[in-house]
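Residue numbers begin at 1 in each chain, while the letters A, B, ... track the order of the sequences. Computed from a predicted structure; not experimentally measured.
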There are 2 protein chains.
Amino acid sequence: MCPAPLRETVPATTPAASLVFTTVLSHGPLTRADVARRTRLSPAAVTKAVRPLMEVGYLVEDLDAGARPAIGRPANLVRVDGGRALFIGLKVTGDEIIAVLTDLCCRIRVARHVPLTGREPSAVLPVLLAMVQELLVEAEGFGVRVSGLGIAVSGDVDRVDGVVRYSPFLDWRDVPLADVAGTATGLPITVDNDVRALTVAEQWFGAGVGLSDFALVTVGAGIGCGLVVNGRVVSGAHGVAGEIGHLSIDPLGPLCHCGNQGCVEVIASDPAILREVRAATGRPLATAAEALELARGGDPLAREVYARAGAAIGRAIGSVVNVLGPERVIISGEGLAAYDLFAEDIRTAFATSAFGTAAQCDLTTRPLPFEEWARGAAATAIQSFIGPHTPQD
Amino acid sequence: MCPAPLRETVPATTPAASLVFTTVLSHGPLTRADVARRTRLSPAAVTKAVRPLMEVGYLVEDLDAGARPAIGRPANLVRVDGGRALFIGLKVTGDEIIAVLTDLCCRIRVARHVPLTGREPSAVLPVLLAMVQELLVEAEGFGVRVSGLGIAVSGDVDRVDGVVRYSPFLDWRDVPLADVAGTATGLPITVDNDVRALTVAEQWFGAGVGLSDFALVTVGAGIGCGLVVNGRVVSGAHGVAGEIGHLSIDPLGPLCHCGNQGCVEVIASDPAILREVRAATGRPLATAAEALELARGGDPLAREVYARAGAAIGRAIGSVVNVLGPERVIISGEGLAAYDLFAEDIRTAFATSAFGTAAQCDLTTRPLPFEEWARGAAATAIQSFIGPHTPQD
DNA sequence: CTTTTTTCATTGACAGTGGAAAAGAACCAC
DNA sequence: GTGGTTCTTTTCCACTGTCAATGAAAAAAG
């Protein structure tokens with residue numbers, strides 16, 4: 001009579017359960033008492049939230065005695081059983097799709113990528129769906145169902161409706177990605193902006209854990225920035241935020257396609273650096289990697305370009321920090337391969353442009369393997385899976 | 001036996017009551033049904049929240065039939081009875097204390113200011129307390145008790161502890177203002193940063209009502225910025241945020257005391273404008289008002305200075321908007337007296353520096369009479385009075 | 001001039017959430 | 001053992017806000 005439920009129930013049914021689950025998820029194995037202290041819930045509430053989550057296997061008792069107190073009853077550690085559920089994360093770029101299969105703790109189990117031949121939705125979607133199928137097959141090998149699919153796309157993305165409003169890079173407008181992917185795969189879909197997705201991953205599983213205010217700066221083909229303020233990811237009133245790529249750093253700098261001069265992006269993005277190194281040295285370099293090699297080899301002109309790029313990034317970070325006063329800035333991105341060349345310049349430019357207390361802000365760097373973007377997408381899927389009661393901090 | 005309560009109970013005891021009260025407070029007279037729709041509470045919950053608030057007189061039925069629907073039972077409007085409680089707001093500047101007595105709707109009933117002879121806490125506090133006494137006497141004339149005192153100070157202020165951590169302007173460090181004022185007056189005290197206080201006033205009673213993301217930019221002796229993101233005022237991880245005064249606009253501009261060149265504040269603050277007009281015209285002007293007069297008179301060199309100031313402000317606003325994507329920016333401050341001189345420049349500079357969707361952001365200007373700062377302080381007191389369940393939006 | 005329709009407001013029953021207090025459990029130290 | 005300490009669970013309960021039904025007040029319809 002009663003039809004079988006189409007999807008596994010979400011782990012957290014009440015705000016308290018959600019809070020407990022996300023706390024354990026982010027802060028690793030914890031005792032119930034610890035969870036109670038962290039969440040400011042009563043111990044009783046924690047016990048009651050943990051039990052049903054254990055019964056369905058999302059939480060498990062961690063038998064590594066480990067952190068037992070010197071005195072008193074030994075504590076039982078509780079942790080999330082990552083293997084209990086799988087998620088697929090996809091990042092769609094202009095020329096490829098990067099895909100990962102992760103567990104509930106957002107650890108990557110499988111990573112793939114396929115090139116794209118066209119950018120129109122009609123060219124991308126079949127490849128995307130084929131990739132999902134491929135990973136679903138992989139997932140069978142783990143004997144666990146896939147509980148969600150996250151898709152990250154650059155540009156203006158409406159996560160609530162799952163619509164890509166406008167992606168300049170892909171030249172997409174108003175593509176109802178969640179609907180399409182949902183009907184095709186039957187999975188719960190989360191669509192979000194790529195930088196925001198990466199920010200969610202850092203907030204829950206990375207260098208942003210436990211911070212109520214931080215920024216994530218990505219350096220690569222473009223310069224992006226994700227923000228967490230008061231424990232919540234910032235989306236802006238119109239769905240767009242963190243556009244630091246077009247902060248104007250040098251009014252006399254090169255002309256940017258946005259119409260201004262000296263934007264961060266036209267000084268410090270990978271293509272900009274390549275262009276500048278080419279111009280400075282007169283060599284016909286083809287890729288950013290070649291420019292990097294030249295600079296690493298000690299070419300002073302090339303190094304100068306990297307120094308300028310670092311200074312621009314540092315000043316952009318300084319602006320963000322002055323405005324928001326975050327606790328930490330995480331610097332990441334493909335461009336980080338050149339980090340050794342401009343780390344110093346980023347820090348000095350930041351230090352001089354940060355005003356007052358803002359200078360206390362911690363700068364952390366973090367390598368960004370190519371699968372990381374897709375992992376961010378998986379993180380958003382995990383977030384959706386856990387439920388609507390996302391706690392603010 | 002049972003001692004009389006020392007202070008009136010706060011209006012809102014439950015989250016729902018708080019939500020209802022703040023909704024009615026900000027959105028003027030509303031029908032219960034409207035409140036229910038706005039807050040997404042059930043109609044029953046609204047009725048139950050309103051009743052006790054009416055019994056103690058904070059809410060009243062508004063008998064101005066006014067907005068009756070074309071069909072169906074006519075609605076009863078509910079509004080806050082502003083006269084039911086009074087609040088004192090104080091702003092401490094370097095050379096005077098500005099004070100207001102407001103009602104619960106943050107309407108100014110009495111405004112005062114006294115000059116200060118010294119900046120040390122020992123010189124300021126007696127004057128401050130005398131001012132409070134004076135307004136308490138005034139308040140007796142209204143036959144209503146004063147329910148809270150808000151104090152606004154520039155610099156790094158910890159609202160939770162009521163401590164002025166560091167105010168460069170006053171040269172205060174770690175002054176426990178809330179404790180001192182609390183024991184001296186017996187009133188509940190709220191101490192906050194001045195710009196944040198102004199932001200709260202706008203969020204609850206001004207041009208920020210109903211917006212989840214907006215910025216408030218103040219132009220005057222300094223350039224400040226208050227931010228509301230996701231419906232909450234931004235304080236930053238270290239208690240400081242919105243420091244746009246030292247965003248560097250022109251790397252070749254005048255040297256700022258912060259060590260950088262071409263900060264907004266060294267181009268567009270009142271003293272900076274005065275200095276520049278003096279330098280450009282060679283005239284021995286004494287005040288910003290004289291410089292303003294000169295520019296209004298048509299002096300091209302003076303006008304040029306204002307145009308540069310406007311452009312700097314516009315670009316600073318552009319930076320904030322690119323980073324946060326607010327729905328609106330409210331431009332205010334004493335410097336707004338000169339608004340006609342640089343309005344155009346602000347807008348053009350903003351338009352060129354705002355990227356993509358960010359340009360949709362609405363720029364609003366709002367005059368800032370001198371009592372406004374003190375009114376901001378009163379708004380924080382009202383916020384504290386209503387209770388800890390401040391809703392996020 | 002009823003009756004119906006529509007919307008607003010209230011009531012009382014109720015489900016569900018999380019807290020308080022007390023008891024139980026497991027260990028160490030003496 | 002006994003007492004002390006901390007973690008965990010249990011039981012009971014206060015409380016909040018929703019549901020569904022009911023009442024109220026007006027306009028529109030018959």
When you compare the protein's N or O atoms with those of nucleotides 3-6 of chain C, which come within less than 3.5 Å of each other, and at what distance?
none

d([atom1], [X]; [atom2], [N]) in whole Å:
X	N	atom1	atom2	result
A:Asp62	D:dT8	CG	P	12 Å
A:Leu30	D:dT6	CG	C1'	17 Å
A:Glu61	C:dA26	CD	C1'	14 Å
B:Leu59	C:dA9	CG	P	13 Å

Going by side-chain hydrogen bond (donor to acceptor under 3.5 Å, both in side chains), name the residues that satisfy it together with [X], two or more places apart in sequence or in a different chain.
X	result
B:Arg159	B:Asp192, B:Gln383, B:Ser384
A:Asn76	A:Glu61
A:Asp362	A:Arg328, A:Thr364

Could you check if a side-chain atom of B:Val50 sits within less than 4.5 angstrom of a side-chain atom of B:Val24, using non-hydrogen atoms only? no
Residues 38-57 of chain A vs side-chain hydrogen bond (donor to acceptor under 3.5 Å, both in side chains), sequence neighbours excluded, gives A:His27-A:Arg38
Scanning both residues in full, the closest heavy-atom pair of A:Leu86 with A:Asp103 reads CD2-CA, 3.9 Å
Correct closest heavy-atom pair for A:Thr31 and A:Ala75 would be CG2-CB, 3.1 Å
- Message: Side-chain N or O of B:Thr47 versus OP1/OP2 of C:dT11: is the shortest distance under 4.0 Å?
- Response: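 No, because none of the side-chain N or O atoms of B:Thr47 sits under 4.0 Å from OP1 or OP2 of C:dT11.
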Note to self: Whether A:Arg51 contacts D:dT9 is assessed here as follows: a side-chain N or O lying under 4.0 Å from the phosphate OP1 or OP2. Is that the case?
What the structure shows: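 Answer no for this pair, as no side-chain N or O of A:Arg51 is under 4.0 Å from OP1 or OP2.
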CZ of A:Arg165 to CG of A:Asn193, rounded to nearest 0.5 Å, is 13.0 Å
Worksheet item: To the side chain of B:Arg32, which of C:dG18, C:dC27, C:dA9 is closest?
Response: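 Looking only at side-chain atoms, B:Arg32 lies closest to C:dA9.
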Write out a two-atom table: protein N or O, nucleotide N or O from nucleotides 19-21 of chain C, distance below 3.5 Å.
residue	atom	partner	partner atom	Å
C:dG19	OP2	A:Ser42	N	3.1
C:dG19	OP2	A:Ser42	OG	2.8
C:dG19	O6	A:Lys48	NZ	2.3

